[in-house]
Amino acid sequence: MGVNLKDLIPPEAKVEVELKALKGKIVALDAYNMLYQFLAAIRQPDGTPLMDRQGRVTSHLSGLFYRTINMVEEGVKPVYVFDGKPPELKRRELEERMKRKKQAAAKLEQARRAGIVEEARKYAMQASHLTRDMAEEAKRLLEAMGIPWVQAPEEGEAQAAYMSRKGDAWAAGSQDYDSLLFGATRLVRNLAITGKRKLPGKNVYVTVKPEIIELDKLLKALGITREQLIVIGILLGTDYNPGGIPGYGPKTALRHVKAYDDPVKALKAVEKLAGGVDLYEVYRLFLEPKVTDDYRLEWRPPDEEKIYHILVEEHDFNPSRVKKAVERLRKAYRENLKSRQTSLDAWFG
DNA sequence: CCGTAAGA
DNA sequence: TCTTACGGG
């Protein structure tokens, strides 16, 4: 899922911070990525997600609600960016994903029947699927909370990257690295999973902190341009050419792009190994993705009634818990989000 | 993932 | 104040 630049990024190009370090910063969050992580992680030990009385899954709403409030309390100004229609080139990856999820669902059944709780949880996480309805409901909840969201024409990560390039956002927020290929000035990772996380398999917990990667620093550290970074991503594999080019890992890929004066030549050189995918088209997709200027970033006070209606009346959330959380959101809005009128603003009106 | 209660 | 266990919907 997404391009894997993990082993390419040198330590000096990233920095671990506390959530507080993002105080006052606008972060354009990849909504799909965040919601998916909540949906996968917020489960009982046997893998059952949170559900309302009608059996509708609510894990993503719980995660979105409480995590957003925590971010706002720390002074982060979140804007959620939702995916539009996926590019045609992504179809194969999406079909593969669907197939993997079906396989995971079958394994989940097996594990359930065998009564192996931990296995069941693992496969339930892999089988989780974020539906269109879940995304639409998340938008409704964000509106009630007074948190802005943006509808991307195509890829959410491309739109978030564009917003950071325009200076409308300080960073893009996602667990995936794609936004760097899309040109995001900064990427913040670990925003959905900040805190303690269980290491897979072991009964050991590690603290996960937000991690900031600056595009300029990354490019300097690697001695390449953004165009060359895109080519490296394509060699390693993206959603548009899953698997990448056989034999290319981070080191070979870096060496390869540096051996050419023109990044497009570096692409052409591996064309025959691409399995029929038009690599130049993939390159263009990252370099000039479809984005929009049709958005307004405005944080409004939370509408307690609307929040209540969605969470308590429709989805059986505990009223006193929701009330407390809304109280926290109200206070955080006043202190951190409300655009304060300066005396000069008042003078010039 | 999260908040809450209980115990340290 | 901090850590841990547990249930949330």
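- The salt bridge (Lys or Arg N to Asp or Glu O under 4.0 Å) test applied to A/Asp178 returns no partner, not counting sequence neighbours.
- For A/Asn70, a side-chain nitrogen or oxygen approaches OP1 or OP2 of B/dG3 to under 4.0 Å.
- When rounded to the nearest whole Å, the span between CD of A/Gln37 and C1' of B/dC2 equals 15 Å.
- In this structure, A/Arg300 has no salt bridge (Lys or Arg N to Asp or Glu O under 4.0 Å) partners at least two apart in sequence or on a different chain.
- Taking atom CZ of residue A/Phe65 and atom P of nucleotide B/dC2, one finds them 13 Å apart after rounding to whole Å.
- Rounded to an integer number of Å, the gap from A/Arg56 CZ to C/dG8 C1' is 17 Å.
- A/His60 places its NE2 atom 14 Å from the P atom of C/dG9, with the value rounded to the nearest Å.
- Distance, A/Arg121 CZ to B/dC1 C1': 9 Å, rounded to whole Å.
- Closest approach of A/His315 and A/Asp52 over heavy atoms only: ND1-OD2, 2.8 Å.
- Aromatic pair A/Tyr333/A/Trp299: ring centres not closer than 6.0 Å.
- A/Glu16 meets the salt bridge (Lys or Arg N to Asp or Glu O under 4.0 Å) test with no other residue; sequence neighbours excluded.
- Computed from coordinates, the A/Arg67 CZ to C/dG8 P distance equals 22 Å when rounded to whole Å.
- Counting any heavy atom pair closer than 4.0 Å across all strands shown, A/Gln44 reaches a base atom.
- Of all the residues in residues 308-327 of chain A, A/His315, A/Asp316, A/Phe317, A/Asn318, A/Arg321 reach under 4.0 Å from DNA chain C with at least one non-hydrogen atom.
- The separation between A/Ile42 atom CD1 and B/dC1 atom P is 9 Å, rounded to whole Å.
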For residues 211-228 of chain A, which side-chain N or O atoms pair as donor and acceptor with protein atoms under 3.5 Å away, sequence neighbours left out?
| residue | atom | partner | partner atom | Å |
| --- | --- | --- | --- | --- |
| A/Glu211 | OE2 | A/Arg189 | NH1 | 3.2 |
| A/Thr225 | OG1 | A/Glu227 | N | 3.4 |
| A/Thr225 | OG1 | A/Gln228 | N | 3.2 |
| A/Arg226 | NE | A/Leu181 | O | 3.0 |
| A/Arg226 | NH2 | A/Leu181 | O | 3.2 |
| A/Arg226 | NH2 | A/Phe182 | O | 3.2 |
| A/Arg226 | NH2 | A/Phe286 | O | 2.9 |
| A/Arg226 | NH2 | A/Leu287 | O | 3.4 |
| A/Gln228 | OE1 | A/Thr225 | N | 2.9 |
| A/Gln228 | NE2 | A/Val257 | O | 3.4 |

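- Scanning for side-chain contact (heavy atoms from CB on, under 4.5 Å) contacts around A/Val264 gives A/Asp262, A/Lys268, A/Tyr280, A/Tyr283, with sequence neighbours left out.
- Computed from coordinates, the A/Asn190 CG to B/dC1 C1' distance equals 14 Å when rounded to whole Å.
- Out of B/dC2, B/dC1, C/dG9, the shortest distance to the side chain of A/Ile193 is found at B/dC1.
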